[in-house]
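A, B, ... follow the sequence lines: proteins, then strands. Residue 1 opens every chain. Because the structure is a prediction, the values reported are computed rather than measured.
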Protein chains: 2
Amino acid sequence: MSKRIAGPEIERLIQLLAKVPGLGPRSARRAALQLIKKKEQLLSPLAAAMAEAVDAVRICSNCGNVDTCDPCTVCTDPRRDGATIIVVEDVADLWALERAGAMNARYHVLGGTLSPLDGIGPDELNIKALIDRVAGGGVSELILAVNATVEGQTTAHYITDQLSGLEVRVTRLAHGVPVGGELDYLDEGTLSAALKSRTAF
Amino acid sequence: MSKRIAGPEIERLIQLLAKVPGLGPRSARRAALQLIKKKEQLLSPLAAAMAEAVDAVRICSNCGNVDTCDPCTVCTDPRRDGATIIVVEDVADLWALERAGAMNARYHVLGGTLSPLDGIGPDELNIKALIDRVAGGGVSELILAVNATVEGQTTAHYITDQLSGLEVRVTRLAHGVPVGGELDYLDEGTLSAALKSRTAF
Ligand SMILES: [Zn+2]
Ligand SMILES: [Zn+2]
């Protein structure tokens, strides 16, 4: 705001809300106002929930997942198949795969991809702990669910190299046409891959 | 999430974030994760800012604005022209007009529009206080900056009726083509109004 028209507590709330991913400066003002209007139902509980999250959040020392216990809920879930580890770049990918609900495996969160230009080498990622998990035994398959980007694939290759000599099957996600996707919006690489991996109808 | 994959504090944070205007369930998960990653820089300060806002926020007893003092910053600003009151439906409209920075007036926030079907009559809105402000003297112009909707115009007419007998000029915002607006996207009513109110070039 050009002129100050509200007290510093409100201005500060707007400034911080503007930094929340998904909200910009304009949405932040609208959000602040709605939160203030719903002070008892929303603003107050949200403030409390955030304060509790600040205290409760832990990084799982086993897999790198974010949770409120360490080891995390996924690592300690006895109904999961511990022989399969899905390797993801980010906790967001773990959550996305869990929403898909296709596997009942465990995970390993790398915390990013190798990117020498940004100074991100193997030591900056959660890779050594992954190799140690596999070397510890009991893991039969590692699914490399990294992004289909140059960095993702470079990271996948690096991990595969580090695993040489260990008895584990290394797989990756299939390429293909997204469900509901329209062919003429897809790039040639995806279409070629979908053709190559075609299945019986 | 179908299966529980994170502790209750994180689930609750996601649930509450999903209720923030501008964030949906999907954005709420992404936002929660980013907030957790930036725990010290963002989540913790935001929790504190929200808690402070809960304590500090007041509704201005003079104009209905939201602020941290009562009377509000706008009502007590000595550089503003107290003879002009801009009447708005919502605090968001007050903020929008202040960003435009076109007037240095005071405001009156109605808190909505008359809507008999929703059970919103004059007593549910901040109208009596507005009439009292004008009756108290010192107000020469009332700008009815309500939305150009049926409810907004009904409310404007009701207020004008209530002001009969009081010495005050009542005006409303001009209709016309939005700055940067393309003619062929505008409705006929706006175009007619813009033609009728045409000005010398
Ligand atoms: Zn874990
Ligand atoms: Zn005020």
Side-chain angles (χ1 to χ4, degrees), chain A residues 1-10 12-13 15-17 19-24 27-58 65-69 72-74 77 90-92 94-95 98-99 101, chain B residues 1-10 12-13 15-17 19-24 27-58 65-69 72-74 77 90-92 94-95 98-99 101:
Chain A
M1 264 161 273
S2 43
K3 229 181 314 183
R4 233 193 74 190
I5 55 161
E9 292 89 349
I10 295 175
R12 177 149 176 78
L13 179 60
Q15 274 170 21
L16 286 168
L17 281 172
K19 294 183 186 169
V20 174
L23 297 175
S27 306
R29 279 190 298 262
R30 216 176 41 221
L33 210 47
Q34 289 297 322
L35 287 170
I36 287 169
K37 283 188 187 172
K38 300 184 181 172
K39 200 169 84 167
E40 301 308 326
Q41 311 100 290
L42 191 50
L43 182 56
S44 189
L46 190 53
M50 285 183 170
E52 276 164 35
V54 167
D55 285 341
V57 163
R58 306 276 179 275
N65 186 18
V66 153
D67 205 335
T68 53
C69 46
C72 72
T73 312
V74 174
D77 184 347
D90 197 281
V91 177
L94 187 164
W95 288 7
E98 279 297 300
R99 285 199 300 280
Chain B
M1 263 159 274
S2 42
K3 230 180 317 182
R4 231 194 75 189
I5 56 160
E9 293 88 349
I10 295 175
R12 177 149 176 78
L13 179 61
Q15 274 170 21
L16 286 168
L17 281 172
K19 294 182 186 169
V20 175
L23 296 175
S27 307
R29 279 191 297 262
R30 216 176 40 220
L33 211 45
Q34 289 297 322
L35 288 170
I36 287 169
K37 283 187 189 172
K38 298 184 181 172
K39 200 170 82 167
E40 301 307 327
Q41 311 99 290
L42 191 49
L43 182 56
S44 188
L46 190 52
M50 286 182 169
E52 276 165 36
V54 168
D55 286 340
V57 163
R58 306 275 178 277
N65 187 17
V66 153
D67 205 335
T68 53
C69 45
C72 72
T73 311
V74 174
D77 183 348
D90 196 281
V91 177
L94 187 163
W95 287 8
E98 279 298 299
R99 285 199 300 280

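Rounded to the nearest 0.5 Å, atoms CZ (B:Arg12) and CG (A:Leu46) are 9.0 Å apart.
With contacts defined as side-chain heavy-atom distances shorter than 4.5 Å, the pair A:Val54/B:Ile36 does not qualify. Residues A:Lys19 and B:Gln41 fail the side-chain proximity criterion, which asks for heavy atoms closer than 4.5 Å. Side-chain atoms of A:Met50 and B:Leu17, non-hydrogen and from C-beta on, do get closer than 4.5 Å to each other.
Smallest separation of non-hydrogen atoms from A:Ala31 and B:Pro21: CB-O, 3.8 Å. Pairing each heavy atom of B:Leu33 with each of A:Ala92, the nearest pair is CD2-N, 3.2 Å. Of all heavy-atom pairs spanning A:Ala51 and B:Ala47, the tightest one is N-CB, 3.7 Å. Nearest heavy-atom pair across A:Ala49 and B:Leu16 is CB-CD1, 3.7 Å.
In terms of heavy-atom pairs under 4.5 angstrom with chain B, the leader among A:Leu94, A:Asn65, A:Asp90 is A:Asp90. Per-residue heavy-atom pair counts under 4.5 Å with chain B were compared for A:Leu13, A:Leu43, A:Leu42, and the maximum is reached by A:Leu43. Contact count against chain B (heavy-atom pairs under 4.5 Å) is highest for A:Lys39 among A:Lys39, A:Arg30, A:Gln15.
Heavy-atom distances place the side chain of A:Lys37, and not its backbone, under 4.5 Å from chain B. With a 4.5 angstrom heavy-atom cutoff, A:Asp55 does not touch chain B via any of its atoms. For chain B, the nearby part of A:Leu35 is the side chain; its heavy atoms alone come within less than 4.5 Å.
Under a cut-off of 6.0 angstrom, the local environment of NZ in A:Lys38 is sparse, with at most 12 non-hydrogen atoms contributed by other residues, nucleotides or ligands.
Results of the side chain to side chain contact (heavy atoms under 4.5 Å, CB included) test with B:Glu9 over A:Val57, A:Thr68, A:Asp67 single out A:Thr68 as the only residue that passes.
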